[in-house]
Amino acid sequence: MTLIRFKASQEQQVDLSQTYDAVVVGSGAAGGMAAHVLTSQGMKVLLLEAGKKIPIEQELRSMEWPYDHPRRGEAPPGDHAIRFNEYNIRKPPYATKSAFKHVFSYVGGWGGSDYVKNILVDEKQHPYTGTKYAWVRARLLGGKTNIWGRLALRLSDYDFKGKTHDGFGEDWPISYADIEPYYDKVDLYLGISGHKENLRHLPDSLFQRPNKLTASEVKLRKSLATMNRTLTPYRAGVTTDGVKHNKYRSKCFGRGACGRRPGGCDIHAAFDSPTGLIYPAMDTGNLTLRTNSIAHEVLVDPNTGKARGISFVDAVNHKTYVAKAKVVIVAASTLESARLLLLSKSRQYPNGIGNSSGHVGHNFCEHVMGPGVTGLVKEMVGAPPTLDDGKPGGFYVPRFRNLEEKQPGFIRGYGFEGGSGFSIFPDSAWDTPGFGGQFKKSVREHAGAFISMGAFGEVLARYENYMDLDPEVKDAWGIPSLRFHYEFGDNEKKMCEDMSAAGKEMFEAAGIEVVGVDKNILTEGWSIHELGTARMGTDPKTSVLNQFQQSHDVKNLFVVDGSSHVSASCQNPTWTIMALAWRSCEHLADEFKRGNL
Ligand SMILES: Cc1cc2nc3c(=O)[nH]c(=O)nc-3n(C[C@H](O)[C@H](O)[C@H](O)COP(=O)(O)OP(=O)(O)OC[C@H]3O[C@@H](n4cnc5c(N)ncnc54)[C@H](O)[C@@H]3O)c2cc1C
Ligand code: SF4
């Protein structure tokens with residue numbers, strides 16, 4: 001396959017003597033979207049990214065075979081990924097006293113760790129403290145979007161109006177009708193693959209070609225339909241038909257490589273922020289990018305109380321610089337954004353900028369995961385091999401609890417991500433008994449016959465789950481670290497009990513032999529869907545941002561990532577992060593032009 005690669009357009013020279021129209025902190029899904037929308041509105045934008053720009057295609061090497069790699073994809077000796085038990089038995093900071101040279105989050109322990117060693121942060125340089133937490137961070141241009149799992153889902157009014165539905169927490173200051181046009185824009189601009197299902201609780205996107213379900217998945221889909229539940233092909237933030245307006249991306253060739261390793265697509269069919277948003281924004285001539293720039297304070301004009309720019313440390317030379325701008329947009333990811341707001345203490349804002357409510361860092365929420373089920377589809381044993389993993393995902397079973405019915409024991413809901421069929425390596429081989437010819441025969445016969453799914457459930461946003469700054473511990477650049485005060489509550493635990501029971505029930509109803517039921521809850525943070533530390537709301541006393549992700553306290557300060565989410569829903573957040581950012585930045589640009597900021 002020959003692919004034409006285009007170079008990113010000529011980068012604009014960084015000029016720190018200039019006052020930019022806007023400075024954006026962070027270049028992931030949120031910051032990339034802010035850069036795209038603001039530059040397309042003609043604003044001059046400086047994008048500060050803490051990490052470096054790496055030759056990502058060479059890093060991911062999506063089609064490299066295991067036998068073409070000296071360690072079959074494993075990272076060099078001396079690198080270590082934190083294991084489940086380490087997260088639970090020890091206390092953070094997990095890496096400080098480690099004998100290993102480099103320590104990575106648990107994602108570094110997935111097969112193919114060599115492909116993410118320059119993407120994930122080295123935990124030794126980035127300590128955090130407090131309660132146990134598996135924090136996955138990617139510090140480079142594009143952030144976590146370089147390796148994200150691609151499941152791209154919309155939220156519905158069951159999520160935006162959760163309090164109205166069951167009385168808990170707060171409603172969002174928007175409803176589905178407000179964000180729907182922006183979900184549409186994101187779909188059309190970036191491309192999304194999926195199948196229409198007409199569900200009120202999981203609105204459809206403007207889909208490109210869906211992935212095909214395997215025979216086992218079709219079997220489960222048919223059975224679930226009789227239970228009034230749905231199994232739909234993985235809604236992937238991947239362009240399966242291509243996006244003609246974007247020269248940096250290719251359409252998906254169904255190589256399945258994004259699922260074989262920790263993630264990433266070296267032809268950029270899967271959305272990533274650099275090729276999907278940032279390079280096109282650079283082509284407008286309105287975007288200037290400075291990598292290796294770690295924002296550590298939002299600066300304030302002492303006369304007006306407005307934000308006047310960002311103070312940042314150069315990651316390489318450790319010197320401090322100032323970027324001046326008329327509007328400041330924070331998009332460093334949920335936890336890093338909260339950290340930056342808390343770090344930005346001044347005479348006007350002694351508790352951190354935008355924090356007159358005291359809610360910055362609080363109401364943290366995410367997804368709880370762990371419970372799941374594995375089954376054997378007997379009629380698939382011995383079936384001829386098929387190219388089942390040549391697609392960017394398996395299937396999704398949307399939430400079915402607490403919609404029309406009320407579930408005893410817990411509120412809100414969960415969905416299942418799953419898959420079945422043949423893959424590059426038959427994982428069942430590890431548990432297959434025997435040896436020699438009989439073992440090989442058994443592995444071959446059973447290779448495509450397994451199906452499994454794991455749940456992602458809503459963690460309730462509670463004020464008492466929060467992060468603050470550690471008074472002593474600092475990162476490698478001398479910036480105070482985050483301290484976690486967070487644990488799952490009773491609702492999450494009860495929900496998890498139901499996940500494994502419901503998973504088993506659904507497989508049994510479909511005539512699938514249940515061979516494993518996982519009841520264990522994974523460590524807090526495992527979902528990598530952190531949300532809610534600077535929530536939106538109508539009341540400045542109980543929220544940080546208004547419905548346009550604009551600070552209640554400082555009108556030229558916006559926080560456009562998942563920190564603004566009022567509740568976690570159980571759907572994966574990235575598509576919502578981008579739709580919201582698009583909406584807010586359009587509003588921002590209008591207000592800017594009117595001179596209101
Ligand atoms: C393995 C994996 C699988 C995932 N699967 C899914 C999925 O299937 N579906 C889904 O919806 N989501 C998924 N996610 C989550 C998804 O990646 C995030 O929701 C999304 O990337 C959030 O975008 P963001 O811009 O807020 O943060 P990020 O993408 O993390 O970007 C933040 C950027 O800000 C930079 N930054 C941080 N601090 C500073 C600072 N002080 N100064 C300057 N820059 C800074 C970082 O370096 C980074 O580049 C997954 C994530 C991972 C890692
Ligand atoms: S399956 Fe599609 S999205 Fe995934 S790596 Fe292959 S081309 Fe990229």
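Whatever order the structure lists them in is the order used to number ligands and atoms, beginning at 1.
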- Between Arg137 and Trp135, is NZ or CZ placed under 6.0 angstrom from the six-membered ring centre and within 45° of the ring axis?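 The answer is yes; both the distance and angle limits are met.
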
- Message: Using a 6.0 Å distance limit plus a 45 degree cone around the ring axis, check whether Arg154 lies over the aromatic ring of Tyr176.
- Response: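 The answer is no; the distance or angle limit is not met.
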
If we count only N and O atoms by modelled type, under 3.5 Å, do the side chains of [X] and [Y] hold a donor and an acceptor together?
{"X": "Thr334", "Y": "Asp561", "answer": "no"}
{"X": "Glu524", "Y": "Tyr87", "answer": "no"}
{"X": "Glu297", "Y": "Ser344", "answer": "no"}
{"X": "His126", "Y": "Asp475", "answer": "no"}
{"X": "His362", "Y": "Asn465", "answer": "no"}
{"X": "Ser273", "Y": "Ser27", "answer": "no"}
{"X": "Glu49", "Y": "Thr291", "answer": "no"}
{"X": "Ser193", "Y": "Gln208", "answer": "no"}

Interfacing atoms of ligand 1 (cut-off 4.0 Å, heavy-atom, [X]):
{"X": "Ala30", "answer": "25 (O)"}
{"X": "Ser27", "answer": "33 (C), 34 (O), 49 (O)"}
{"X": "Gly143", "answer": "29 (O), 31 (O), 48 (C), 49 (O)"}
{"X": "Thr145", "answer": "21 (O), 29 (O)"}
{"X": "Leu151", "answer": "7 (C), 8 (O), 9 (N), 10 (C), 11 (O)"}
{"X": "Ala138", "answer": "46 (C), 47 (O), 48 (C), 49 (O)"}
{"X": "Ser293", "answer": "42 (N), 43 (C)"}
{"X": "Leu48", "answer": "43 (C), 44 (N)"}

Donor-acceptor pair, side chain of [X] and main chain of [Y], under 3.5 angstrom:
{"X": "Arg339", "Y": "Pro480", "value": "yes"}
{"X": "Glu336", "Y": "Ser333", "value": "no"}
{"X": "Asn146", "Y": "Leu141", "value": "yes"}

N/O to N/O below 3.5 Å, does that happen between [X] and ligand 1?
{"X": "Lys144", "result": "yes"}
{"X": "Val107", "result": "no"}
{"X": "Trp148", "result": "no"}
{"X": "Gly149", "result": "yes"}
{"X": "Ala50", "result": "yes"}
{"X": "Val25", "result": "no"}
{"X": "Trp575", "result": "no"}
{"X": "Gly31", "result": "no"}
{"X": "Ala29", "result": "yes"}
{"X": "Thr334", "result": "no"}

- Query: How far apart are the closest heavy atoms of Phe484 and Met467, and which atoms are they?
  - Reply: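 Here Phe484 and Met467 meet closest at CD2-CE, 3.4 Å.
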
- Nearest heavy atoms of Arg261 and Leu60, plus distance in Å: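 Heavy-atom minimum between the residues: NH1-O, 3.3 Å.
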
- Query: What's the count of protein N, O or S atoms under 2.8 Å from atom 2 (Fe) of ligand 2?
  - Reply: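 Of the protein's nitrogen, oxygen and sulfur atoms, 1 lie under 2.8 Å from atom 2 (Fe) of ligand 2.
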
Considering only the protein, which heavy-atom contact is closest to [atom], and what is its distance?
{"atom": "atom 18 (C) of ligand 1", "result": "Thr574 OG1, 3.4 Å"}
{"atom": "atom 31 (O) of ligand 1", "result": "Gly28 CA, 3.3 Å"}
{"atom": "atom 49 (O) of ligand 1", "result": "Glu49 OE1, 2.6 Å"}
{"atom": "atom 42 (N) of ligand 1", "result": "Ala295 N, 2.9 Å"}
{"atom": "atom 27 (O) of ligand 1", "result": "Ser333 CB, 3.3 Å"}
{"atom": "atom 13 (C) of ligand 1", "result": "His529 NE2, 3.5 Å"}
{"atom": "atom 34 (O) of ligand 1", "result": "Gly26 CA, 3.3 Å"}

Check: [X] ring centroid to [Y] ring centroid under 6.0 Å:
{"X": "Trp477", "Y": "His296", "answer": "no"}
{"X": "Trp526", "Y": "Tyr106", "answer": "yes"}
{"X": "His367", "Y": "Tyr414", "answer": "no"}

- Query: Contact between Gly263 and ligand 1, counting heavy atoms under 4.0 Å?
  - Reply: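 Flag not set, Gly263 not near ligand 1.
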
- Query: Does ligand 1 have any atom sitting under 4.0 Å from a heavy atom of Leu140?
  - Reply: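 Distance cut 4.0 Å: Leu140 passes for ligand 1.
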
- Task: Starting from the C-alpha separation in whole Å, work towards a yes-or-no answer on side chain to side chain donor-acceptor pair (under 3.5 Å) for His268 and Asp272.
- Result: CA-CA 7 Å; His268 311 290; Asp272 58 67; 2.7 Å; yes

Please classify the [X] to ligand 1 contact at 4.0 Å (heavy-atom distances, strictly less than): side chain, backbone, both or neither.
{"X": "Leu340", "answer": "neither"}
{"X": "Asp561", "answer": "side chain"}
{"X": "Arg339", "answer": "neither"}
{"X": "Ala152", "answer": "neither"}

Considering [options], which one's heavy-atom position lies nearest to [atom]?
{"atom": "atom 22 (C) of ligand 1", "options": "Thr291, Asp272, Ile577", "value": "Ile577"}
{"atom": "atom 32 (C) of ligand 1", "options": "Ala581, Ser527, Ala332", "value": "Ala332"}
{"atom": "atom 1 (C) of ligand 1", "options": "Ile147, Asn572, Leu335", "value": "Ile147"}
{"atom": "atom 51 (C) of ligand 1", "options": "Leu531, Leu120, Ile528, Val330", "value": "Ile528"}

- Please work out whether the ring planes of Tyr128 and Tyr133 are parallel, tilted or perpendicular, with thresholds of 30° and 60°.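 Rings of Tyr128 and Tyr133: perpendicular, over 60°.
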
- Query: Do the ring planes of His565 and Trp172 sit parallel (below 30°), tilted (30 to 60°) or perpendicular (above 60°)?
  - Reply: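 Geometry flag for Trp172 against His565: tilted rings.
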
- Inspect the surroundings of NZ in Lys185 and state if more than 12 heavy atoms from other residues, nucleotides or ligands are less than 6.0 Å away.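 Yes, the 6.0 Å shell around NZ holds more than 12 heavy atoms from other groups.
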
- Item | NZ/NE/NH1/NH2 to OD/OE distance under 4.0 Å, Arg61 and Asp68 |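 Not counted as a salt bridge, because no side-chain N and carboxylate O are separated by less than 4.0 Å.
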
